[in-house]
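As the structure is a computational prediction, the values presented were derived from the model and not from experiment.
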Amino acid sequence: RSVNSLIDAFTKEIGAPTAANVAVTVGAIIKWAAVHRGIDPPNITFQGISKQARRRSGESLTVQDLQKVIAALPEPFDSMAEFALLTGLRRGEILALTVHDVEEGGVKVRGNWNVKGEIGPTKTTAGNRLVTFTPRTREIIDARVKAVVAGRLWPTTLNTAGAMMNRAMRAAGVYQEGKGWHAFRHAHTALLNESGVSLRDSAARLGHGANYAQSLAYGWASEQVDATAVDAAVKRHEKKK
């Protein structure tokens, strides 16, 4: 009973999708222990947690693939996509950004743009965070502040952004079912890994509730912190064209 109470509280804190990933992992550990060590497993029901089906098709889109997509997008969606690649922000987080969220060293993520056309809460409590600028993201934000003057930096809707992304992916010849704005978040994770950013700092930058969530979703870790190195990683990929 105490274990189930803990899981219930855990789900409320980090959200059902992440809790579902944890539940799958815990279940696999318990099953292994029962089979290989003869341990009598506890009665855990994982109430309220449903396994999340991941939409996957083909190989992951590369940084070079996404650079083609960015080139196929019109303004302001091209700058929005490049910003997603360089920061790892979710589509809703980017759409919720306003000029008031711009600080000296980065952007303050305070909310998530939802289907109602409103700024709601972030996906997790850890989603409220300061995402530090790289030199290129500073340029992108400065240009958007000048363009909009006040209000949201990218004043569009979730549906419009999604439709534009699908169109650009088809134009770039990299369209895959189920792949869209989130592909930029995965690519950013790969760039952080390539740049040597630590698991803790990567989890914080991406707004994950804990380091284990990062490793479950993306499966990697490394040991150096330098957000500006992301720009250099992107340049290395550009040279491979």
Side-chain angles (χ1 to χ4, degrees), residues 15 17 52-98 101 107 109-120 122-124 127 131 133-134 136-137 139-141 143-145 147-148 151-194 202 205-208 217-218 230-231 233-235 237-238 240-241:
Q52 304 294 307
R54 289 182 177 272
R55 295 187 298 172
R56 295 184 186 276
S57 59
E59 298 296 326
S60 297
L61 296 178
T62 66
V63 173
Q64 289 183 42
D65 290 334
L66 297 179
Q67 287 172 332
K68 295 177 183 177
V69 174
I70 293 170
L73 283 164
E75 178 63 28
F77 299 98
D78 56 348
S79 62
M80 178 180 168
E82 186 179 3
F83 190 74
L85 176 64
L86 294 172
T87 62
L89 266 67
R90 301 173 177 91
R91 173 177 49 171
E93 291 175 337
I94 295 176
L95 293 181
L97 290 175
T98 73
D101 297 321
V107 290
V109 180
R110 309 176 197 271
N112 186 68
W113 190 255
N114 58 38
V115 294
K116 296 180 181 179
E118 302 170 343
I119 298 179
T122 54
K123 185 177 180 180
T124 65
V131 177
F133 285 132
T134 71
R136 177 55 186 155
T137 54
E139 292 175 358
I140 293 172
I141 290 297
R144 290 310 303 161
V145 169
V148 300
R152 290 163 57 214
L153 295 176
W154 283 277
T156 187
T157 66
L158 289 169
N159 287 339
T160 300
M164 295 300 295
M165 179 55 63
N166 285 337
R167 186 183 304 173
M169 284 188 163
R170 291 181 187 278
V174 298
Y175 177 80
Q176 292 184 33
E177 182 66 31
K179 296 289 175 67
W181 284 96
H182 206 71
F184 288 85
R185 186 167 168 83
H186 281 270
H188 180 72
T189 306
L191 290 171
L192 292 178
N193 184 36
E194 182 180 325
S202 297
R205 186 171 177 82
L206 291 161
H208 287 298
Y218 303 101
V230 175
D231 285 356
V234 170
K235 290 293 183 183
H237 285 274
E238 289 176 349
K240 295 176 183 178
K241 289 182 180 180

A.B. asks: I'd like to check the side chain to side chain contact (heavy atoms under 4.5 Å, CB included) partners of Asp78; sequence neighbours left out, ordered by chain and number.
C.D. replies: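 Side chain to side chain contact (heavy atoms under 4.5 Å, CB included) list for Asp78, sorted by chain: Ile70, Leu73, Glu75.
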A.B. asks: Excluding sequence neighbours, so at least two apart, what forms side-chain hydrogen bond (donor to acceptor under 3.5 Å, both in side chains) with Trp181?
C.D. replies: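 Trp181 satisfies side-chain hydrogen bond (donor to acceptor under 3.5 Å, both in side chains) with no other residue.
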A.B. asks: Out of curiosity, Glu139 CD to Ser79 OG, how far, rounded to the nearest 0.5 Å?
C.D. replies: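 Spacing of CD (Glu139) from OG (Ser79) equals 12.5 Å.
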A.B. asks: Let me confirm one number: the CG-CG distance from Asn114 to Leu158, rounded to the nearest 0.5 Å.
C.D. replies: 7.5 Å
A.B. asks: Once you round to the nearest 0.5 Å, how far does CG of Leu206 lie from CD of Glu93?
C.D. replies: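 Those atoms lie 9.0 Å apart.
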A.B. asks: Identify the two heavy atoms, one from Pro155 and one from Arg144, that lie closest to each other, and give their separation to 0.1 Å.
C.D. replies: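 Of all heavy-atom pairs spanning Pro155 and Arg144, the closest is CD-NH2, 4.0 Å.
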A.B. asks: Donor-acceptor check, side chain of Asn193 to backbone of Ala190, threshold 3.5 angstrom: yes or no?
C.D. replies: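 Checked: no pair found.
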A.B. asks: Assess whether side-chain contact (heavy atoms from CB on, under 4.5 Å) is satisfied between Leu85 and Leu191, documenting all intermediate values.
C.D. replies: CA-CA 9 Å; Leu85 176 64; Leu191 290 171; 3.9 Å; yes
A.B. asks: Using only atom types and a distance under 3.5 Å, with no angle test, would you say the side chain of Arg90 pairs donor to acceptor with the backbone of Thr122?
C.D. replies: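 No, because the side chain of Arg90 does not come within donor-acceptor range (under 3.5 Å) of the backbone of Thr122.
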A.B. asks: Indicate yes or no for a side-chain donor-acceptor contact from Arg152 to the backbone of Leu97 under 3.5 Å, with no hydrogens or angles considered.
C.D. replies: no
A.B. asks: Looking at Ala183 and Leu61, what are the two nearest heavy atoms and their distance?
C.D. replies: CB-CD1, 4.0 Å
A.B. asks: Taking Ile140 as the fixed residue, which of Thr134, Val145, Leu153, Leu86 is the one that meets the side chain to side chain contact (heavy atoms under 4.5 Å, CB included) rule?
C.D. replies: Leu86
A.B. asks: For residues 156-175, pull every pair meeting ring pair (Phe, Tyr, Trp, His ring centres under 6.0 Å), keeping only residues two or more places apart or in separate chains.
C.D. replies: none
A.B. asks: If you round to the nearest 0.5 Å, how far is CG of Asp65 from NZ of Lys179?
C.D. replies: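 One gets 9.5 Å once the value is rounded to the nearest 0.5 Å.
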A.B. asks: First locate atom CD1 of Ile94, then atom CG of Asn112, and finally report the distance between them rounded to the nearest 0.5 Å.
C.D. replies: 10.5 Å
A.B. asks: Hey, what do you get for NZ (Lys68) to CE (Met169), rounding to the nearest 0.5 Å?
C.D. replies: 12.5 Å
A.B. asks: Got Met165 and Arg91 here, is their nearest side-chain heavy-atom distance under 4.5 Å?
C.D. replies: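 When only atoms from C-beta onward are counted, Arg91 and Met165 do not touch, as no gap falls below 4.5 Å.
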A.B. asks: Could you report the tightest heavy-atom contact between Gly111 and Ile119, atom names first, then the distance?
C.D. replies: CA-CG2, 3.9 Å
A.B. asks: Where the side chain of Arg136 meets the backbone of Asp231, is there a donor-acceptor pair that is under 3.5 Å apart?
C.D. replies: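 Checked: no pair found.
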A.B. asks: Locate the shortest heavy-atom distance separating Ala72 from Ala168; write the atom from each residue and the value.
C.D. replies: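 What the structure gives for the nearest pair is CB-O, 3.8 Å.
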A.B. asks: Does the side chain of Thr156 reach to within under 4.5 Å of the side chain of Met164, using non-hydrogen atoms?
C.D. replies: no
A.B. asks: Okay, side chain of Asp101, backbone of Thr98: is any donor-acceptor separation there less than 3.5 Å?
C.D. replies: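 Side chain of Asp101 to backbone of Thr98, a donor-acceptor pair under 3.5 Å: yes, one is there.
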A.B. asks: I'd like to know if the side chain of Thr87 reaches the main chain of Phe83, judged simply by a donor and an acceptor atom lying under 3.5 Å from each other, with no hydrogens or angles considered.
C.D. replies: yes
